[in-house]
Amino acid sequence: MIYVYHDFGGTHTTSLAAAYHLNIVSNPEKVLDKKEILNIPYFNKLSKHDAGKFIFHGIDQDGHAVYTLGKRSSKLVLPSLSNFSEILTERNQLNERIIFSNTSPVVPFAMTVGGFLSRGLKLDAVGVPLLIMGTKQCCLHISKLVEQTKEIAKKTTEQQVITIDNHKFQA
């Protein structure tokens, strides 16, 4: 299987989701502190130039690849990727299940503003504290989102490409 966690920028909730998925974050039931948040690989490190690139985070304990993707404001990226993956599957060019899991619904307002200030305007002094606040607000939701994503992926089904919107985790 291939897991792809995606959102607008691909550097905050997606990086957090990948960290939970790969057990980089050791306790999924604990609100993270500032140091733990800032030590998450790729957290607040990507820019708009990284949009559209699959960022490899690692292989999980079951041997599955974990990626993240920032899709910016394009609503066509995910349907296009999903459709292309289905074409590859139908043509027997792809033999792995692909799971696209949207982390956008869990993004709280503080994280949106903090990300814009930090990544967009390069105002880390104001943006990073807001990102930390927002991450603390949503980290437990992200942890549950990842667990649900794994459960859905493991269910036996003929479907090779699975898209999960995760709206039940709305911030």
Side-chain angles (χ1 to χ4, degrees), residues 2-25 27-58 60 66-82 98-153 162-171:
I2 300 170
Y3 290 90
V4 180
Y5 293 99
H6 62 89
D7 73 355
F8 180 83
T11 191
H12 299 120
T13 58
T14 56
S15 295
L16 184 58
Y20 278 116
H21 190 113
L22 296 168
N23 297 317
I24 293 168
V25 175
N27 185 352
E29 297 177 9
K30 174 188 171 267
V31 174
L32 302 176
D33 63 33
K34 179 181 178 179
K35 183 179 179 187
E36 290 169 316
I37 293 167
L38 294 176
N39 283 331
I40 292 171
Y42 297 103
F43 186 87
N44 203 40
K45 303 228 177 10
L46 302 178
S47 72
K48 64 182 177 183
H49 301 294
D50 296 307
K53 296 177 185 173
F54 288 91
I55 307 296
F56 178 70
H57 286 261
D60 71 12
V66 177
Y67 292 85
T68 59
L69 174 68
K71 57 188 192 248
R72 305 302 286 178
S73 60
S74 177
K75 299 203 183 302
L76 299 176
V77 170
L78 193 63
S80 295
L81 286 172
S82 182
I98 301 178
I99 313 300
F100 292 103
S101 186
N102 185 8
T103 62
S104 295
V106 302
V107 177
F109 184 69
M111 183 175 272
T112 300
V113 174
F116 172 72
L117 292 171
S118 179
R119 303 314 314 146
L121 300 179
K122 307 292 185 219
L123 297 173
D124 285 342
V126 180
V128 171
L130 288 170
L131 280 169
I132 300 301
M133 179 190 316
T135 303
K136 287 180 178 186
Q137 291 171 351
C138 75
C139 65
L140 299 178
H141 295 292
I142 291 281
S143 172
K144 289 176 184 165
L145 179 151
V146 169
E147 287 308 310
Q148 177 185 289
T149 297
K150 288 179 176 181
E151 288 173 22
I152 290 171
I162 298 173
T163 302
I164 308 168
D165 64 23
N166 293 313
H167 286 297
K168 79 178 200 177
F169 295 101
Q170 195 75 37

**OP:** Output, in order, the C-alpha distance, side-chain angles, deciding distance and verdict of side-chain contact (heavy atoms from CB on, under 4.5 Å) for V146 and Y3.
**Re:** CA-CA 10 Å; V146 169; Y3 290 90; over 6 Å; no
For the residue pair [X] and [Y], what are the closest heavy atoms and their distance?
{"X": "N44", "Y": "T11", "value": "N-OG1, 3.0 Å"}
{"X": "L32", "Y": "E36", "value": "CA-OE1, 3.4 Å"}
{"X": "V66", "Y": "A18", "value": "CG1-CB, 3.9 Å"}
{"X": "S82", "Y": "F100", "value": "CA-CE1, 4.1 Å"}
{"X": "G127", "Y": "L117", "value": "CA-CB, 3.8 Å"}
{"X": "F54", "Y": "Y67", "value": "CB-CD2, 3.9 Å"}

With a cut-off of 6.0 Å (strictly less than), are more than 12 heavy atoms of other residues, nucleotides or ligands near [atom1] of [X]?
{"X": "K48", "atom1": "NZ", "answer": "no"}
{"X": "K122", "atom1": "NZ", "answer": "yes"}
{"X": "F109", "atom1": "CZ", "answer": "no"}
{"X": "K34", "atom1": "NZ", "answer": "no"}

For residues 135-144, run the donor-acceptor check on the side chains, cut-off 3.5 Å, and write out each pair with its distance to 0.1 Å, sequence neighbours left out.
unit_1	atom_1	unit_2	atom_2	d
T135	OG1	L131	O	2.7
S143	OG	P28	O	3.0

For the [atom1] atom of [X] and the [atom2] atom of [Y], what is their distance to the nearest 0.5 Å?
{"X": "K150", "Y": "L145", "atom1": "NZ", "atom2": "CG", "answer": "11.5 Å"}
{"X": "T68", "Y": "D50", "atom1": "OG1", "atom2": "CG", "answer": "9.5 Å"}
{"X": "L46", "Y": "I55", "atom1": "CG", "atom2": "CD1", "answer": "5.0 Å"}
{"X": "Y42", "Y": "S15", "atom1": "OH", "atom2": "OG", "answer": "8.5 Å"}
{"X": "L81", "Y": "K71", "atom1": "CG", "atom2": "NZ", "answer": "10.0 Å"}

Subject >> Side chain proximity check, I24 to I40, heavy atoms < 4.5 angstrom >> reply: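 The answer is no; the side chains never approach within 4.5 Å.
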**OP:** Would you check if R119 and H12 make a side-chain contact, meaning some heavy-atom pair closer than 4.5 Å?
**Re:**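 Yes; the side chains approach each other to less than 4.5 Å.
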Show every donor-acceptor pair shorter than 3.5 Å between a side-chain atom in residues 163-170 and any protein atom, with sequence neighbours excluded, or say none if there are none.
unit_1	atom_1	unit_2	atom_2	d
D165	OD1	H167	N	3.1
N166	OD1	Q148	NE2	3.4
N166	ND2	S101	OG	2.9
N166	ND2	N102	O	2.8
K168	NZ	Q148	OE1	2.9

**OP:** Would you please indicate yes or no on a ring centroid separation below 6.0 angstrom for Y5 and H21?
**Re:**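 Centroid distance H21-Y5: below 6.0 Å, so yes.
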Subject >> Worked check of side-chain contact (heavy atoms from CB on, under 4.5 Å) between T149 and I99 >> reply: CA-CA 8 Å; T149 297; I99 313 300; 3.8 Å; yes
